Amino acid sequence: MSQDAKEFGPISYHTQGDVALIGLNSAPVNALSKAVRIGVIDSVNEALANDSVSAIVLYSKLPLFSAGADISEFSGGDLSPMLPEVLEIIEQASKPVVAAVTGNAFGGGLELALACHYRVTHSKNKVGLPEVHLGILPGAGGTQRLPRLADAKTALDMIVTGAPTSVVKLGGVFDHVVDAPEETVEAAIEFANKVVADKLPIKRVCDINLSFDEQTKGLFTAYAEGVAAKTRGFFAPGHCVKAVEAAFTHSFKDGLSRESELFMECMKTPQARAQQHFFFAERAASHVSGLSKDVKPRSIDKVGVIGAGTMGGGIAMNFANAGIPVVMLEMKQEALDKGLALIRRNYENSAKKGKLTQAQVEERMALLSGTTDYDSLADVDLVIEAVFEKMSVKKEVFGALDKVCKPGAILASNTSTLDLNEIASAVSRPQDVIGLHFFSPANVMKLLEIVKGEKTADDVILTSMKLAKTIRKVGVLVGVCFGFVGNRMIEPYGREANRLMLEGASPEQVDRVIGKFGLPMGPFTMGDMAGLDIGYFVRESRREFIAHDPSYCVVADKLVQQGRNGLKSGRGAYLYEPGSRKPIPDPEVIAIAKEEAERLGIKQREISDQEILERCIYPLINEGADILKEGIAAKSSDIDVIYVYGYGFPVFRGGPMQYADEVGLSEVRDRLNYYKESLGEYGKHWFEPSDLLNELADAGKSFSSVK
Ligand code: 3HC
Ligand code: NAI
């Protein structure tokens, strides 16, 4: 280390020969906070003022080069100096500046590297401009500099999809690529020395001129159309295309102004607030408060899965995908063979689509074994039960596990509704019991509700949270109640959709409104896909709780009683042609609704789209408020994560609780009260605003304020 080593806030500075080394050192990810921005300016100025320095190398002292702008600063405050100012100082520096892109560079991190005069990296590195996932676009010159170094199509793809890209595919962007990551900084110093020795020019990206020829024009027209179709509902992607186009149609300076204008337009949208909220919500879900610091996770090296049906198969695949061996247990060999064959078919289909090689299929299948004998589970570290949703069956299974599983094995249930504490009462070690509630298809859906029972031990919770990451799920810790968080909240949503049909809305109208709101499908299409019999069986087990409302899902009940179980039986709320999943409106269903409405004395009427949206979504939010108040979810952002990853709630709305915060809780409360008054006895029963909603609305607060 040289004598002149110093620190400018989180930035380190020293010289090596003629080269000044500026090290980004702001843990955990070198977010470009105000302190970092000031530190970079000060250290660059220090290097420029020192006559014995002839070149500068900018590198990172952390594994990541930089994760870009500090997203937590987006909520406001005095942000000066802004990132574009910092980059302008670097680009205009009178001495060559070389970026040693030692690790991933994302967003403003990559923009920082693009403002340097040369870039050195290693071949295993990836970089990206993921701003679009935050509802914005690169706002520190990324949309202007990247297309000047890469081609238009590459720049568009990177900025519109936000996907990380291998540096190897970005030839024009990097001036020198080494193989070994640890050699990057040394290679950059050598490169800087060479620039000085050979008197190479200071290469400023801003000096490159682009032309907007007919071919490029055509590319942008086609690209904009494609983006509009593919990213329906999202605001930022279209703006990304416009910003990149400005690199071709404007001078560099005017292009930067246009980028800045489009950036601000995105930043002001509720979508940007929602997507930035969701970024932190997802990360916050992994922080479980209240666990003792001394707790250590248990090792999970082998897993058992009970039941090789719809869920068991998908659950087992998650572990095989992560390289963890799985033993699957069924009652009969036939069921076991069927389950394993289905898994193989799934893998083979992935191979056909080019997502897996045949060797990978075989590797994963080799990790799966089957048994009908509980003794084969004696050495597993975790067992997940996915048998029929019946308490007596679950208790019997847990009793058998208690006898054979080794001490310390985690005993988990995938139940979607049943009382985990009662299931735990069937074993002598309730501290080892937890709910691991996967969503269907279990090998695809990212959400894992981790259900903490009364007696679940802290290390079992910690292990489960860690396990979620291992199998690439987002784990959210919840408490015990009927349906936990997700299914408990979906109940009022489904109930209202059904009641709206009795009052005169058609399934297609309801589904259209919900689709327009941004969910991938409406409640009737979803019900048909899941199978209407599933909801029916849940209602059968809960008749005493819904008996007071004779209208409760009566049309859905009638459909099931007529054998209309949804897609699998070719008819449900819709009709389906053989082999097709396309829902076809069915006048017979409308007639059943009309008949039932008459029987119940409900007058059918025209129902507005706004009423449909409010009556489906606001009761779901109201239930979420109860869940929050009861502590079933620890924070409102956890509920948002559950809804985005488990139910396809549009991420551009940030989840139901964020959506309510955006609409305003007093508005949500007022509309619930409106329906409470206008829907007679039905309204009085189902539309009472939750205590928490009332409290927060009165205080002018949001759900996110509940800590
Ligand atoms: N700003 C502020 N905090 C950030 C951050 C950022 N850009 N990136 C990550 N963090 C925080 C996370 O919130 C988390 O905090 P926590 O421990 O308190 O929960 C911590 O850093 C670690 O992050 P991860 O848990 O996500 O760490 P991983 O190692 O799993 O992932 C990563 C690292 C891939 C860099 C991931 O954090 C990421 O994708 N970050 C965001 C990247 C991004 O979107 N950059 C663009 C920012 S906007 C921008 O640059 C605008 C510009 O164009 C003007
Ligand atoms: P399924 O009916 O497809 O599979 C259940 C399997 O368990 C069958 O193969 C059956 O032979 C086997 N089985 C039954 N009793 C058994 C026993 N005593 N020992 C060993 N095997 C036994 O059911 P599915 O859909 O997979 O559901 C399983 C569990 O997952 C249920 O608790 C359900 O509530 C829950 N779940 C279901 C979801 C879904 O969308 N299907 C979503 C989330 C949870």
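Since the model is a prediction, treat every value here as computed from it, not as a measurement. Whatever order the structure lists them in is the order used to number ligands and atoms, beginning at 1.
Put simply, the side chain of Lys473 does not reach to within 4.5 Å of the side chain of Tyr645, judged on heavy atoms. Between Glu385 and Leu411, every side-chain heavy-atom pair lies at or beyond the 4.5 Å cut-off. Residues Glu282 and Val644 are not in side-chain contact: their nearest non-hydrogen atoms beyond the backbone lie 4.5 Å or more apart. Residues Leu401 and Val427 have side chains not in contact (no heavy-atom distance under 4.5 Å, counting atoms from C-beta outward). Counting only heavy atoms from C-beta outward, the side chains of Val485 and Val476 never approach each other to under 4.5 Å.
Of the polar atoms of Ala69, at least one N or O is found under 3.5 Å from an N or O of ligand 1, judged by distance alone. Residue Ile71 has at least one N or O atom closer than 3.5 Å to an N or O atom of ligand 1. Between Gly108 and ligand 1, at least one pair of N/O atoms sits closer than 3.5 Å. Geometrically, ligand 1 and Phe263 share no nitrogen or oxygen pair separated by less than 3.5 Å. Among the atoms of Ala31, none of the N or O lies under 3.5 angstrom from an N or O of ligand 1. Ligand 1 has no nitrogen or oxygen under 3.5 angstrom from a nitrogen or oxygen of Ser72.
At a heavy-atom distance under 4.0 Å, only side-chain atoms of Leu64, from C-beta outward, approach ligand 1. Only the side chain of Leu134 comes within 4.0 Å of ligand 1, counting heavy atoms alone; its backbone N, CA, C and O stay farther away. Only side-chain heavy atoms of Glu111 come within less than 4.0 Å of ligand 1; its backbone N, CA, C and O stay farther off. At a heavy-atom distance under 4.0 Å, no atom of Phe65 approaches ligand 1.
Protein heavy atom closest to atom 18 (O) of ligand 1, with residue, atom name and distance, is His287 NE2, 3.9 Å. In terms of protein heavy-atom proximity, atom 45 (N) of ligand 1 is closest to Ala67 O, 2.8 Å. The closest protein non-hydrogen atom to atom 11 (C) of ligand 1 is Val29 CG2, 4.4 Å. Shortest contact from atom 34 (C) of ligand 1 to any protein heavy atom: Phe106 CE1, 3.8 Å. The nearest heavy-atom contact from the protein to atom 20 (C) of ligand 1 is Pro28 CG, 3.7 Å. Closest to atom 12 (C) of ligand 1 among all protein heavy atoms lies Arg283 CD, 3.6 Å.
Figure legend: cation-pi geometry between Arg542 and Phe482, with NZ or CZ positioned under 6.0 Å from the six-membered ring centre and within 45° of its axis.
In the model, Ser416 has no side-chain atom that pairs as donor or acceptor with a side-chain atom of Asn487 under 3.5 Å. Side chains of Asp70 and Ser72: a donor-acceptor N/O pair is present below 3.5 angstrom, by distance only.
In this structure, Leu58 and Cys116 approach most closely via the heavy-atom pair CD2-SG, 4.0 Å. Across every non-hydrogen atom of Gly304 and Leu377, the tightest pair is CA-CD2, 4.0 Å.
In this structure, Glu73 does not count as a contact residue of ligand 1, since none of its heavy atoms falls inside 4.0 Å of the ligand. The closest approach between a heavy atom of Gly142 and any atom of ligand 1 is not below 4.0 Å.
A salt bridge links Glu422 with Lys395: at least one charged nitrogen is closer than 4.0 Å to a carboxylate oxygen. A salt bridge does not link Lys268 with Glu265: every distance from a Lys NZ or Arg NE/NH1/NH2 to an Asp or Glu carboxylate oxygen is 4.0 Å or more.
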Mind listing the N or O contacts between ligand 2 and protein, cut-off under 3.5 Å?
| from | atom 1 | to | atom 2 | distance (Å) |
| --- | --- | --- | --- | --- |
| ligand 2 | 3 (O) | Thr310 | N | 3.0 |
| ligand 2 | 3 (O) | Thr310 | OG1 | 2.9 |
| ligand 2 | 9 (O) | Glu330 | OE2 | 2.5 |
| ligand 2 | 11 (O) | Glu330 | OE1 | 2.8 |
| ligand 2 | 11 (O) | Glu330 | OE2 | 3.3 |
| ligand 2 | 26 (O) | Thr310 | N | 3.3 |
| ligand 2 | 26 (O) | Met311 | N | 2.8 |
| ligand 2 | 30 (O) | Asn414 | ND2 | 2.9 |
| ligand 2 | 32 (O) | Val387 | O | 3.2 |
| ligand 2 | 32 (O) | Glu389 | OE1 | 2.6 |
| ligand 2 | 32 (O) | Lys394 | NZ | 2.5 |
| ligand 2 | 34 (O) | Glu389 | OE1 | 2.9 |
| ligand 2 | 34 (O) | Ser416 | OG | 2.7 |

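In this structure, the separation between CG on Asn443 and CZ on Arg472 is 13.5 Å, given to the nearest 0.5 Å. Here CD of Glu330 is found 9.0 Å from NZ of Lys338. Values are rounded to the nearest 0.5 Å. Atoms OG and CD1, from Ser33 and Ile71 in turn, are 12.5 Å apart once rounded to the nearest 0.5 Å.
Counting the atoms of ligand 1 from 1 in the order shown, those under 4.0 Å from a heavy atom of Gly107 are 46 (C), 50 (O).
Within a 4.0 Å radius of atom 50 (O) of ligand 1, the protein has at least one heavy atom. Not a single protein heavy atom sits closer than 4.0 Å to atom 31 (O) of ligand 1. Within the 4.0 Å cut-off (strictly below), no protein heavy atom is located near atom 15 (O) of ligand 1. Counting only heavy atoms, the protein never gets under 4.0 Å from atom 28 (P) of ligand 1. Proximity of atom 47 (C) of ligand 1 to the protein is indicated by at least one non-hydrogen atom lying closer than 4.0 angstrom.
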Legend entry - Step-by-step side-chain contact (heavy atoms from CB on, under 4.5 Å) determination, Leu436 to Leu382: CA-CA 11 Å; Leu436 292 181; Leu382 159 73; 4.2 Å; yes
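Relative orientation of the Tyr647 and Tyr643 rings is parallel, given thresholds of 30° and 60° on the angle between their planes.
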